[in-house]
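Within every chain, numbering begins at 1; the chains are lettered A, B, ... in the order of the sequence lines, protein sequences first and strands thereafter.
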Amino acid sequence: MARELTFKILRYDPSQPEIQAQFQEYKLTEKPGMTLFIALNQIREELDPTLAFDFVCRAGICGSCGMVVNGKPQLACKALTKNFNADFPITLAPMPGFELIKDLSVDTGVWMEAMTKRVESWVHTESETDISKQERPVDPDLANEIFELDRCIECGLCVSSCMTKLMRPDFVGAVGLNRVARFYMDPHDDRDASDFYELVGDDNGVFGCMSLMGCEDHCPKEIPLQSKIAYVRRELVKVGLKR
Amino acid sequence: MNIIYSDALIIGGGLAGLRSAVTCADKGLDTIVLSLVPVKRSHSAAAQGGMQASLGNTKMSEGDNEDQHFKDTVKGSDWGCDQEVARMFVTTAPKAIRELAAWGVPWTRIKAGPRTVVMNAKQVKIEEKQEAHGMINSRDFGGTSKWRTCYSADATGHSMLYGIANEAMKRDITIHDRKEAIALIHKDDRCYGAIVRDLKDGSLTAYVSKATMIATGGFGRIYRVTTNAVINEGIAQAMALETGKVALGNMEAIQFHPTPIMPSGILLTEGCRGDGGVLRDKDGHRFMPDYEPEKKELASRDVVSRRMMEHIRNGKGVDSPNGQHLWLDISILGRKHIEEHLRDVQDISKTFNGIDPADEGEKGWMPVLPAQHYSMGGIRTDKTGHSHLKGLFAAGEAACWDVHGFNRLGGNSVSEAVVSGMIIGNYFADYALDASITISTAEIQQALNKQDAYLDALINTDGGEDITKIKIRMQEIMNEKVGVFRNGGDLQSAYDELKELLVRSRNLTLKNKSRANNPELSNAYKTQKMLKLAVCVAKGALLRTESRGAHYREDYLKRDDKNWLKRTLAWWRAEDDIEPDLTYEPIDIMKMEMPPAYRGYGHKDMTVEHKDTAKRLTEIDKIKAENQTVDRYVLQDRIMPFELPMNYKNKNERLGDK
Ligand SMILES: Cc1cc2nc3c(=O)[nH]c(=O)nc-3n(C[C@H](O)[C@H](O)[C@H](O)COP(=O)(O)OP(=O)(O)OC[C@H]3O[C@@H](n4cnc5c(N)ncnc54)[C@H](O)[C@@H]3O)c2cc1C
Ligand code: SF4
Ligand code: FES
């Protein structure tokens, strides 16, 4: 027998502040292989064309669909309904820590662009590359290590599950510190620890992290965020001590 | 009135759009990039497998160069591509990848010494040279003579897109996301930007520019099952078509990828087969060698997809509640390889199907079935990326610049996206530098009002039709009748019904009447546009009475060079038309570097020859005989000269040179 699922979804439209935020319930019959991507689209197609949410790749690759599912921030497109207990409603709320657009849709893009510019998330170098010449060799293990950190999809789950971010709204987040680690390791990037100290050597940066691990527990790409934050902290402490 | 001015307006923030934007910024242009979503979420991020560039670093790619890449690309296209453009592309691809490496893209690198690879389902040891240590690695892909597909594990597109997006942000290029271009502003055969809808509040803005580029990716969502992201709807191609001044080229050339996982249609990369994975049927039999003894699972995509469907028709498909499928087996590569190089594949399969592909034997096999994957067709441009409408350029998957003809090779698309961003981006920027805006505010206002009135009319019409149903029906028709195997009867009925749907889509009743935050309204205008594209695809396919590349007619099995060596151009002459006018652009054999021949895979002796083929072959032989002492670059130039901007024509250095 197909199960009857109840979805309890937090509705709010900041452009209509006179209408209070409230949970709204929808019922659907479960289908085999149903994900929250399929369920939410079905709700929008059949029950409520005004419901707002974001999906792009629907395959856990693009990082668009973070939301809080039964209290836990996760990628909705990868959440299979068969893993939920149908005796209780499935509660969906937008990710905290980002500007709310409407209902389940939040503006991670603006936040991530600001983070990118804050940690200057690009290669800094004085050397010119002649692109018709052979590329510069990179140790294959190091290339893999950088790739591991480069896998971040800017979904924002680490930010929305971070206690420090709750207390310090300007905290750069695990995503930002991971990016620092990534470029610090990259041999193409000439920046040294003191350059990064200028960017994140304060309490809104690497020294703000309270090591509560919320980020690493929720990262869908299983990036070793704690050890990378610790690594950045160690490197920047050395700079701090010298100053 | 909302007007935003810029020198260069780039619609689309995927690989092609962002790379073009970087060039524009470097040339000092005031540049704006528009995107439906934050740019790093563009569908380029979903490319897993890799990027073709003939670096020739690994043992298995020794001897590779532009000539090899060119030949593979032309064969892959089934001689439908523009060979000069293909030359421009293959010459720039190695530069593109080296530029990306310098921008920090973590390409997987070669380790010197022995390594084990899987070839033809057997483990084979190869030895990587010392001097290749640390250089960019490459893997095998379908339809290539060398291992040419460079990769960063299985998140290649992601790493590339982040690399380029970071460069765009470094240059502080203005990016406006959650914006949708819905119409072009044009006057006297010249484009001046676009009318853009804000996806948060529904407001309309005129983005007025000296030059406009469309780099909006593919339109897979006109099909029910597709590997494409939900945002790949082709709205921008349709808005270009709607000007009546822009032709869409080869819309019937649609690629079906052999291995999306069923039933979700999420792609499992070609890297699975490139790295040695095999296809199996209901008896667990590896069937591809029976059909394609030489290239086996690694024939070009059109051929593999057809062979799979053929095998299912022969009664060898696996039954499931969602219909029949076949198996993809990568367990033979070993857990270590999968967890290092095909991790996203494993993640997708585990998450959506509960199958760990690293599990040995049957347990690890993944259910796959060919599905829509790539649009070779798109906005027809010249070699500089300029469309028929002056001031409007197109690049990336949205364009028909025509590297791919009737079938694109795996790994050639992210490569084209970046390379076209470099080449076309450059011509585009130069155009913008010289151009000025000669349209009045009143005319801009008019263009804006027109869209405003259009949206109001959509909301206020009360014709009784339901847009969701129309859209789903369109997608079903495309899936069922304009798929891997095509025939006159099905195509005719698809064509007729699509036209009918287009008429019905003009008589809607929307339940939700709001202009903002109204997914039903966006669905309405989008579906009208998507239907136009669908009709172009169906009509093009119906009239093309031959089989070429991915376009396969069961009632016309031969590639007919005599009558069909030409590109289809679709024009929408008047707004309330319900079908395009098709014209054809000949492809001149006498200018080809590589006249039509057998591809080396697929059925043999299945061409109707063109009289020029033999003539051109003799001519080329003569040029070769007269130029026996020159190097391969000079010889190439004597056979088919081509131009490139910047220093992109410089010789690409390779390990083997020394
Ligand atoms: C699952 C999958 C895997 C793939 N793997 C590979 C691979 O391994 N190798 C390979 O070579 N190719 C691969 N491809 C193909 C390749 O990824 C794409 O062809 C290529 O990335 C397209 O890049 P693009 O820049 O043209 O467009 P996209 O990356 O699709 O970007 C389009 C941009 O346009 C914007 N946009 C669209 N419409 C509008 C509008 N109306 N208004 C404003 N903005 C708009 C979008 O927001 C987006 O920013 C794959 C494709 C898929 C679907
Ligand atoms: S670090 Fe992990 S959780 Fe944070 S944004 Fe990146 S992928 Fe998401
Ligand atoms: S939609 Fe792309 S990660 Fe969920």
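The 12-atom threshold is exceeded at NZ of A:K72, counting heavy atoms of other residues, nucleotides or ligands nearer than 6.0 Å. Applying the 6.0 Å contact sphere to CD of A:E222 captures no more than 12 heavy atoms from other residues, nucleotides or ligands.
Rounding to the nearest 0.5 Å gives a distance of 4.5 Å between OG of A:S64 and CZ of B:R41. If you take CD on A:Q134 and CD on B:E653, they are separated by 4.5 Å, rounding to the nearest 0.5 Å. Annotation: the span from A:M115 atom CE to B:M169 atom CE amounts to 9.0 Å, rounded to 0.5 Å. The OG1 atom of A:T129 sits 10.0 Å away from the CH2 atom of B:W103 when rounded to the nearest 0.5 Å.
For chain B, no part of A:N41 is nearby; none of its heavy atoms comes within less than 4.5 Å. Contacts between A:S127 and chain B at a heavy-atom distance below 4.5 Å are absent for every atom of the residue. Neither the backbone nor the side chain of B:M646 comes within less than 4.5 Å of any heavy atom of chain A. Contacts of B:S42 with chain A are absent, with no heavy-atom separation under 4.5 Å from either backbone or side chain. Using a 4.5 Å cut-off between heavy atoms, A:D13 contacts chain B through its side chain alone, with no backbone atom that close. At a 4.5 Å heavy-atom cutoff, the contact between A:K78 and chain B is made by backbone and side-chain atoms alike. Of the atoms belonging to A:R44, it is side-chain heavy atoms, and not backbone ones, that fall under 4.5 Å from chain B. Contact of B:N228 with chain A is made through the backbone alone, with heavy-atom distances under 4.5 Å. Neither the backbone nor the side chain of B:L36 comes within contact range of chain A; no heavy atom of the residue lies under 4.5 Å from a heavy atom of that chain. Only the side chain of B:D347 comes within less than 4.5 Å of a heavy atom of chain A; its backbone N, CA, C and O stay farther away. Within the 4.5 angstrom heavy-atom criterion, atoms from both the backbone and the side chain of A:S121 approach chain B. Only the side chain of B:R221 comes within contact range of chain A, judged by heavy atoms closer than 4.5 Å. Both the backbone and the side chain of A:D150 come within less than 4.5 Å of a heavy atom in chain B. Using a 4.5 Å cut-off between heavy atoms, A:K117 contacts chain B through its side chain alone, with no backbone atom that close. When heavy atoms are compared at a cutoff of 4.5 Å, B:E340 does not approach chain A at all. Only the backbone of B:S264 comes within less than 4.5 Å of a heavy atom of chain A; no side-chain atom from C-beta onward does. Looking at B:K170, the atoms closer than 4.5 Å to chain A (heavy atoms on both sides) sit in the backbone and in the side chain alike. Proximity to chain A (any heavy atom under 4.5 Å) is restricted, for B:T468, to the side chain, taken from C-beta onward. In this structure, no portion of B:I164 lies under 4.5 Å from any heavy atom of chain A.
When each of A:M112, A:R182, A:E145 is checked for heavy-atom pairs under 4.5 Å with chain B, A:R182 comes out on top.
The pair B:R343-A:E148 counts as a salt bridge, with a side-chain nitrogen and a carboxylate oxygen less than 4.0 angstrom apart. At a threshold of 4.0 Å, the pair A:D130-B:R98 does not count as salt-bridged, since none of the basic side-chain nitrogens sits closer than that to a carboxylate oxygen. The pair B:D201-A:K102 does not meet the salt-bridge criterion, since no charged nitrogen lies less than 4.0 angstrom from a carboxylate oxygen. Salt-bridge formation is detected for the pair B:R178/A:D54: a Lys NZ or Arg NE/NH1/NH2 atom is positioned less than 4.0 Å from an Asp or Glu carboxylate oxygen.
Between the side chain of A:H188 and the backbone N or O of B:V105 there is no donor-acceptor pair closer than 3.5 Å. When atom types are taken as modelled, the side chain of B:H158 and the backbone of A:C152 share a donor-acceptor pair closer than 3.5 angstrom. Listed for the B:Y162 side chain is a donor-acceptor partner under 3.5 Å among the backbone atoms of A:I153. The closest donor-acceptor contact from the side chain of B:R109 to the backbone of A:D139 lies at 3.5 Å or more, if one exists at all. Judged by distance alone, the side chain of A:E135 and the main-chain N or O of B:I136 form a donor-acceptor pair under 3.5 Å. B:N652 places no side-chain N or O within donor-acceptor distance of the main-chain N or O of A:S132, the cut-off being under 3.5 Å.
With contacts defined as side-chain heavy-atom distances shorter than 4.5 Å, the pair B:S159/A:R151 does not qualify. Counting only heavy atoms from C-beta outward, the side chains of A:T50 and B:N518 never approach each other to under 4.5 Å. Here the side chains of A:V138 and B:W107 are not in contact, with every heavy-atom distance at 4.5 Å or above. For the pair A:T116 and B:K40, the minimum side-chain heavy-atom distance is below 4.5 Å.
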